[in-house]
There are 2 protein chains.
Amino acid sequence: MTDTSEAPRRRTTLKDVAIRSGVTVSTVSKVVNNRPDVGAEVRRRVLETIDLMEFRPNPVARGLRTQRSDTIAIVTDDLEGIFTTAMMRGVEDAASIAGMGVLLCNSYGEPEREAQQLRRLLDRQIDALIFMSGNRVGPRPDPALPIPGDVPVAYLYEYGSPDIPAILPDDEGGARLAVEHLAACGASSIAFLNGPREWEATGDRLRGYEVGLTHLGRSLDPGLIATSPSWTPEDGYHAMSQLLEQRPNLDAVFCGSDDLAVGALALLRDRGIDVPTEVQVVGFDDRSLAVHQRPPLTTVALPLHEMGVRAGELVLNPRHAVTEAPALDRVPCTLIERQSTRNQTS
Amino acid sequence: MTDTSEAPRRRTTLKDVAIRSGVTVSTVSKVVNNRPDVGAEVRRRVLETIDLMEFRPNPVARGLRTQRSDTIAIVTDDLEGIFTTAMMRGVEDAASIAGMGVLLCNSYGEPEREAQQLRRLLDRQIDALIFMSGNRVGPRPDPALPIPGDVPVAYLYEYGSPDIPAILPDDEGGARLAVEHLAACGASSIAFLNGPREWEATGDRLRGYEVGLTHLGRSLDPGLIATSPSWTPEDGYHAMSQLLEQRPNLDAVFCGSDDLAVGALALLRDRGIDVPTEVQVVGFDDRSLAVHQRPPLTTVALPLHEMGVRAGELVLNPRHAVTEAPALDRVPCTLIERQSTRNQTS
DNA sequence: TTGAAAGCGATACCAC
DNA sequence: GTGGTATCGCTTTCAA
């Protein structure tokens, strides 16, 4: 095998830099960690040598000494969850500000794997831990391994023991947002095409729908609520047709997910009902498909990135937790206006 | 905040064990790494102390000394890819046999991120590297950072410079499998409902379809081939209807993906055409939805797990690469027989 | 402000 | 077989 890559020549160390710049390792170390007690001229010289020699401190050695790793780990049960990436980016953004890296681990939802992963992570001196659900908010059992008290922990998109702070989306508030938007756009009969009951978020969204209507001084009509047995567009399609059967005069429908909304849109199209002039539609989740619908779907966006950021900040500044201790942090959703609802200002 | 977890008491070290068992650290180290040069009695005693004290060697310290991390990293461009998890499990299985752990990193498909991640990984003394595509086989640029020659590298579900071995599914062979199965099940007019041309795998599958038919001594009929503009069931539905229009007498259809097959099944159902008595259907990928179709879908399974295993073994035994140097390893697909095709033996 | 030296927790070479 | 000890690369008192 002809070797195409660089020779594996020994990496330059603190000592190399020290010798080259005519000081001792102590001094170089101070410069690297930019401590104040270093003369300006010396610092300049050392810094110069550092990037001349392309020195990067060995994190393993540093870790041995400091017992830290500048790394925070995310343990998830579902890599493929459609929300993992967005949340992870949030965590990474928060982490990188603090000069930390993020590690992702998959427990496959198996406690045994989780324990194994945690053991590994803890052995590698992880500095903080975030347990994240990939696609579904809900309760979870305690970590498969007791976490040492000096490792901050948070739940993200899931929750459990009140000892561990959790970051969740404000599904209820999001649903209210949708209802209020529809009302503001002139809808008088707003239906709710809900997702499967077993999903915790659907309960929250239903509550938001009800609270929203009530708050608007409107009455609740059970005939305006349909529950789809699944999240698929197909079932959304059927549920929408039911809804129309029960309440032919409805002029708006709030869907519990974008997928359901896709189904609803399809049915409305098949029936020759125009969106948004005859019926307005709002989805939930702001999946990428929302923008590609005809018309582009107005939807409630989950604050995934922001949730990740908060989780990251939370574990990086555990002092917050001590003082404020917000066991449950509900992050507000935002409404993304597109063309499946009428413009509020027109 | 009342602390519910264990006190963070200092972890037990090699030295602790040594003292407790009345030997020196050298000896304990030997036992831990089960070196032969240790007396049976001493070994027993030390081992006993080890699990009495719940000693686990500190991988950071060990890493500093050995320059290794017992960890192999996977860098993927797509965490949410529907195939990531299965391949990752394969890698993990191969790794765990060698006592290695696996780290997953997301480059988000951005070279800059990839470079950043690689820098981090290399700094942390990763022992091997696998670049993995989450959902689509295709060529990729060289690693965003030159990889030191002593770190074995492999591509998984993607490929690039011939210096780096690649593990890919044998899409062509898989397609042949499907065609041959359909023929064996008595199909005389086998259509191919292909996916979008831009996807490399569809080309391979088309070739397999053609080679398969040719090999069976059948002629190729362009009218039996449809190309769906996307992978969605909707487009599969339409393509299937086209196919029937062009060749009303077809009695089998091989679909380029399970999703397309779902669409095809839907159309056949709508048309009142029975599967498998009138038309037999085979999918590709063996997604979980295949088994839930009516009838359950016969499909060609991608050897994802096996591919992961091979990638893992490859980077763990780079000597193989030196001698055999299989730049491209095509792993055979397997046929999963279900009820959308007629039983071969009946 | 700078430097000397003691670790962090393990491995490995070399005596005994 | 077992033990002493230098070493991996860096951080961190503590003196100078």
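Since the model is a prediction, treat every value here as computed from it, not as a measurement. In what follows, every chain begins at residue 1, and chains take the letters A, B, ... in the order their sequences are listed.
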Identify the 5'-most and 3'-most nucleotides of DNA chain D with at least one atom closer than 4.0 Å to a non-hydrogen atom of chain B. D:dG1 to D:dG9
Euclidean distance, atom CG of residue A:Leu14 to atom C1' of C:dT2 [Å, nearest integer]: 14 Å
Any donor-acceptor N or O pair under 3.5 Å, side chains B:Arg124, B:Thr71: no
Pair B:Glu80, A:Thr85: side-chain N/O donor-acceptor within cut-off below 3.5 Å: yes
If you take all heavy atoms of A:Val102 and A:Ala95, which pair is closest and at what distance? CG2-CB, 3.6 Å
What does the inter-axis angle of the helix from C:dT1-D:dA16 to C:dC16-D:dG1 come out as, five pairs per end, nearest 10 degrees? 40°
Got a sec? Which of residues 17-34 of chain B come in under 4.0 Å of DNA chain C, heavy atoms? B:Ser26, B:Ser29, B:Asn33
B:Asp51 (side chain) donor-acceptor with B:Glu54 (main chain) under 3.5 angstrom: no
Flag the pair B:Glu48 and B:Arg45 as a salt bridge only when some basic side-chain nitrogen lies within less than 4.0 angstrom of an acidic carboxylate oxygen. no
Between B:Gln125 and A:Asn58, is any pair of side-chain heavy atoms under 4.5 Å apart? yes
Taking NZ, NE, NH1 and NH2 as the nitrogens, is one of them in A:Glu110 or B:Arg89 under 4.0 Å from a carboxylate oxygen of the other? yes
Nucleic acid contacts of residues 64-71 of chain B, taken as heavy-atom distances under 4.0 Å to DNA chain D: B:Leu64, B:Arg65, B:Gln67
note: A:Arg44, atom CZ; C:dT1, atom P; distance rounded to Å ~ 17 Å
Looking at B:Arg62, does any N or O in its side chain come under 4.0 Å of the phosphate oxygens OP1/OP2 on C:dG9? no
Might you point out which heavy atoms bring A:Ala144 and A:Glu114 nearest each other, and give the distance in Å? N-OE2, 2.9 Å
The single option from A:Ile130, A:Leu314, A:Val309 passing side chain to side chain contact (heavy atoms under 4.5 Å, CB included) against A:Ile167: A:Leu314
Note: A:Arg113-B:Glu92 ion pair, threshold 4.0 Å (strictly below): yes
For A:Pro111, the side-chain contact (heavy atoms from CB on, under 4.5 Å) test, sequence neighbours excluded, returns none
Side chain to side chain contact (heavy atoms under 4.5 Å, CB included) assessment of A:Met87 paired with A:His305: CA-CA 5 Å; A:Met87 289 190 284; A:His305 186 271; over 6 Å; no
Would B:Arg140 pass as a cation-pi partner of B:Tyr159, given that its NZ or CZ must be under 6.0 Å from the six-membered ring centre and within 45 degrees of the axis? no
Could you identify which residues of residues 35-43 of chain A place a heavy atom less than 4.0 Å from some atom of DNA chain C, listed by residue number, or say none? A:Asp37, A:Val38, A:Gly39, A:Val42
Against the six-membered ring of A:Tyr157, is A:Arg136 placed for a cation-pi contact (under 6.0 Å from the centre, within 45° of the normal)? no
Please walk me through it: do B:Asn33 and B:Arg62 pass side chain to side chain contact (heavy atoms under 4.5 Å, CB included)? CA-CA 11 Å; B:Asn33 296 288; B:Arg62 177 181 273 175; 3.5 Å; yes
